[in-house]
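Step one of this worksheet: look at the structure below.
Naming convention: chains lettered A, B, ... in sequence-line order (proteins, then strands); numbering from 1 in each chain. No experiment lies behind these values; they were computed from the predicted model shown.
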There are 2 protein chains.
Amino acid sequence: MKDNNDMPGHLARRFQQIAVAVFLAEVGEAGFDLTPVQYAALATIKANPGLDQVTLAGLIAYDRTTITGVIDRLVQKGLIERRASPRDRRARELEITDEGRRALRKITPAVESAQRIMLRGLSAKEGEELMRLLRKAIAAGNELSRAPLRE
Amino acid sequence: MKDNNDMPGHLARRFQQIAVAVFLAEVGEAGFDLTPVQYAALATIKANPGLDQVTLAGLIAYDRTTITGVIDRLVQKGLIERRASPRDRRARELEITDEGRRALRKITPAVESAQRIMLRGLSAKEGEELMRLLRKAIAAGNELSRAPLRE
DNA sequence: CGATATTGCTCAGTATGCTGACTATCAGTA
DNA sequence: TACTGATAGTCAGCATACTGAGCAATATCG
């Protein structure tokens with residue numbers, strides 16, 4: 001009988017669980033109330049001004065039904081704006097606000113610190129290797145989830 | 001500006017996302033409707049007959065408020081039984097049913113297949129290395145989440 | 001041009017996960 | 001034994017994620 005610790009699926013869940021907890025703790029300590037998911041969305045909107053929701057979802061591999069709520073909350077916090085696209089009346093264009101830009105800038109150190117903490121059990125070389133293997137496994141499984149990465 | 005693919009937190013989320021999708025697909029194809037979380041709970045209850053909810057939660061690193069719903073659904077499906085403990089009237093003892101045992105046995109090939117599929121981009125050696133690194137990072141971060149592993 | 005397919009988005013429903021609060025019970029101690 | 005603290009479980013509330021359905025608008029093709 002296989003142990004939980006021999007199951008990549010179980011290990012994935014545990015690592016994710018710790019990663020989220022560390023992120024929330026670091027960002028919270030910096031005085032902000034942003035989830036990992038909201039942070040990734042905000043950073044991606046900043047890097048791609050005016051993109052629509054489906055494109056955003058593809059860039060960070062979120063489900064299209066999940067992104068709606070995430071965007072709602074970012075708008076609610078005043079960090080982004082959502083407006084109808086002039087070219088396609090089905091689509092909504094997303095834009096970061098000045099406040100969103102400010103928040104992103106101030107949060108960055110906490111986010112980077114969180115990434116270090118979640119790898120604190122590994123050497124620098126091991127951390128790199130873990131990320132390489134995750135990237136490789138993810139690339140091979142990209143199409144297996146409902147929300148694949150789309151570049 | 002760091003890319004998402006350089007963030008262990010983001011990679012953790014993506015890998016877990018794929019792992020869950022693969023698990024549900026494989027188990028669903030085998031004719032069962034069990035989530036990864038429900039499967040781990042069921043297998044752990046079988047291996048530790050009569051354990052209480054807090055102990056179960058500790059063995060698989062679930063939050064005690066999450067385990068309640070998971071157990072509800074396993075009971076609902078007739079796979080486990082929950083009854084008051086004779087020694088501690090606060091506690092509930094959990095026991096797998098015959099039907100739970102049967103389900104577990106029939107599901108096992110699908111679960112193992114799922115674990116292979118989620119590593120299909122890696123060689124056997126790389127898969128082992130990924131699991132080793134995840135275990136190491138998880139061990140170092142165990143206390144950082146609200147639901148640490150308790151053996 | 002008009003029928004059809006596709007796309008962007010939303011919604012209802014279900015299942016994790018977490019925070020924080022609460023009840024009931026148990027354990028240790030003054 | 002009475003008080004105090006810890007523990008087992010539940011609940012309400014919020015935030016991901018997903019399934020499946022549906023609406024409105026756009027694209028495509030005969």
Which part of the nucleic acid, if any, lies within contact of [X], taking any heavy atom under 4.0 Å across all strands shown: a base, the sugar-phosphate backbone alone, or nothing?
X	result
T66(A)	base
R89(B)	sugar-phosphate
V20(B)	nothing
A21(B)	nothing

- Is any NZ, NE, NH1 or NH2 atom of the basic residue among R132(A) and E129(B) found under 4.0 Å from an Asp or Glu carboxylate oxygen of the other?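 A salt bridge is absent here (no side-chain N lies under 4.0 Å from a carboxylate O).
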Which one, [options], comes nearest to the side chain of [X]?
X	options	result
A91(A)	dG9(D), dG8(C), dT19(C)	dG8(C)
V54(B)	dC9(C), dA15(C), dA8(D)	dA8(D)
R92(B)	dA15(C), dG9(D), dT10(C)	dG9(D)
A147(A)	dA15(D), dT26(D), dC18(D)	dC18(D)
Q38(A)	dG20(D), dT16(D), dC18(C)	dT16(D)
T65(B)	dA15(C), dC18(C), dG20(D)	dC18(C)

Atom [atom1] of [X] to atom [atom2] of [N]: distance rounded to whole Å?
X	N	atom1	atom2	result
R146(A)	dA17(D)	CZ	P	13 Å
I67(B)	dT16(C)	CD1	P	10 Å
D72(A)	dT16(D)	CG	P	11 Å
I71(B)	dC11(D)	CD1	P	13 Å

- Query: When you match K77(B) and Q17(A) each to their closest nucleotide on DNA chain C, which lands nearer the 5' end?
  - Reply: K77(B)
- Task: Starting from the 5' end of DNA chain C, give me the residue, L24(A) or D52(A), whose nearest nucleotide shows up first.
- Result: D52(A)
- For A41(A) and Y62(A) the tightest heavy-atom approach is N-OH, 4.5 Å
- Query: Is there a donor and acceptor pair, one atom on the side chain of R90(B) and one on the base of dT7(D), closer than 3.5 Å?
  - Reply: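 Checked by distance alone, the answer is yes.
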- Message: Hydrogens and angles aside, do D52(B) and T55(B) bring a side-chain donor and acceptor to less than 3.5 Å of each other?
- Response: yes
- Query: Should Y39(A) and L74(A) be regarded as members of a common hydrophobic cluster, given that ILVMFWY residues are connected when their side-chain heavy atoms come within less than 4.5 Å of each other, either directly or indirectly?
  - Reply: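 Shared cluster, yes.
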